[in-house]
Asks: 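Okay, handing you the structure first.
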There are 2 protein chains.
Amino acid sequence: MPEELFKTVSSSRVSQVIVDQIRLLLKEERLKPGDRLPSERELCVHFGVSRVTVREALRILEASGLVEIRVGARGGAFVTTPDARQVGEGLATLLSLSPLTAAEVTEARLVVELGIVPLIVERATQEDLDALRVMCDEHTEALERGEYTMELSADFHTRVAACTHNAAIKMLVESFHGPLLMSLRQAQTVEPQMGRLGSKEHRDFVEAVAARDLDAATATMNAHLQRTASRVKEEHAEGDTAG
Amino acid sequence: MPEELFKTVSSSRVSQVIVDQIRLLLKEERLKPGDRLPSERELCVHFGVSRVTVREALRILEASGLVEIRVGARGGAFVTTPDARQVGEGLATLLSLSPLTAAEVTEARLVVELGIVPLIVERATQEDLDALRVMCDEHTEALERGEYTMELSADFHTRVAACTHNAAIKMLVESFHGPLLMSLRQAQTVEPQMGRLGSKEHRDFVEAVAARDLDAATATMNAHLQRTASRVKEEHAEGDTAG
DNA sequence: AATGGTTTAAGGTCATACCAAAATACCAGC
DNA sequence: GCTGGTATTTTGGTATGACCTTAAACCATT
């Protein structure tokens, strides 16, 4: 008896069916960001299910980052505009719970951030360069005041990624520097000389990009990232995999 | 009156509080993959809330890919082992709804898959090479039978990424080739000569890696990816950004 | 005009009941 | 003794209906 005759009876949850329907509407753009779904009670009669079921569906959609739920009059479920921050955050959440070592994530980061240097050298606009230079100045000042944090460094790397003018890449790098993933790395405080060196490398990189000097830019970024990587490794005392 | 006296009362959702608590247990590894949470009714009395609330919390955790819910006796919420497939899927869901163009994603993919070639050349084991060769043979056969699909190609790239022996990178590449993201790209069917050429490039790449020839491996992969990229671009008729 | 209460629409929570599915235990029949 | 069906129990899934909280809008008083 060919068992292909019987399609796996998917007695999936009613709430899941509702989720799928709404998700489909989103995909087909029949629901656009900012739109408001009917109220829970309206959805009940619309789908012919109880409010509990509708609410479960909304919880799932909310957890997936597809809708945002506001209470009060004029409240309801609103389709969210999917921004990079959210995507990166969701990614980071899963990453932080997956069995990845800090060394692995750092290496992945190294590949990406080094791989995009050619794009940056090629595409960075004057605006990009100005913004980066301003950032470097601010960081120098923060350093003087002893207020230089990893977060500032992360901001720099994120802004650099934006120079590719590729939203996917920007998103990727942002997720590497996301808040949740940052907590993975213990090195929140930066020793003064460390920060000073890192800050100088940032500035050198910007100038190399400004000069459209791919080799110099790559070399600078490479040295910068390798130094960070080795720090992560020694912190975790498992620096025996990489050659 | 100094208004700092009053701290903003945060009356977040009860279900969210429960989610946070369980998430914390996961993060602290007091709950490990495979563990089973108490039944819904037990959680009710434990948290002192109603079953509806507990269920909403479970829906959120389930949607986040942290637990899996099974029905029946001995059912309940089980902590999932976070695997790459799941991570990639969640990522792809958001990506497919974010305003990323296929061209952008393709470029990001190009950066990553090209950037990891040095790692692969350095780290690929004999097992890796054997597996890749077997894969190439199978693909050739599939090609003869006219059964060569994009999925097979995706499998190859995923297996290649695994040669880095870095779970983060493997996960990243997998997410690029995930099922949902695949649906973004229309090119599901592969024209015979296209598949033949791609398949040959796969094989050339493997041999270059086997010979530990970084330049050849990079060049081969680059050509292969560039060809794919240009196809995506022409399909979307917006190939005017890249130089 | 500004303040403060009231209405109203919406989500948030609770309690109870019943249904469905899955694992187990048990029991009849061969 | 083994097989196959049936009952029970455990657990999630759904439905109702009620009540509370929030936030916006509306209105009345000063």
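Chain identifiers are assigned alphabetically (A, B, ...) following the order of the sequence lines, protein sequences preceding nucleic acid strands; residue numbering begins at 1 within each chain. Bear in mind the structure is a predicted one, so any value in this text is a computation, not a measurement.
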Asks: Would you kindly say whether B/Thr125 and B/Asp128 are connected by a side-chain donor-acceptor distance under 3.5 Å?
Replies: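 Yes, because at least one side-chain N or O of B/Thr125 sits under 3.5 Å from a partner of the opposite role on B/Asp128.
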Asks: Any Lys/Arg nitrogen of A/Glu62 or A/Arg59 sitting under 4.0 Å from an Asp/Glu carboxylate oxygen of the other?
Replies: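 Yes, charged N to carboxylate O under 4.0 Å.
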Asks: Taking A/Glu107 first and then B/Arg123, would you say they form a salt bridge - that is, a charged N and a carboxylate O separated by under 4.0 Å?
Replies: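 A salt bridge is present here (some side-chain N lies under 4.0 Å from a carboxylate O).
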Asks: Could you write nucleotides 7-15 of chain D as a row of B, S and -, 5' to 3', where a protein heavy atom under 4.0 Å of any base atom gives B, of only sugar-phosphate atoms gives S, and otherwise -?
Replies: ---BBBBBB
Asks: Could you check whether any side-chain N or O of B/Asp35 sits under 3.5 Å from a backbone N or O of B/Val79, counting only pairs where one atom can act as donor and the other as acceptor?
Replies: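 No, because the side chain of B/Asp35 does not come within donor-acceptor range (under 3.5 Å) of the backbone of B/Val79.
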Asks: For the residue pair B/His139 and B/Asp155, confirm or rule out a side-chain donor-acceptor distance under 3.5 Å.
Replies: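 There is no such pair (donor and acceptor under 3.5 Å, judged by atom type) between the side chains of B/His139 and B/Asp155.
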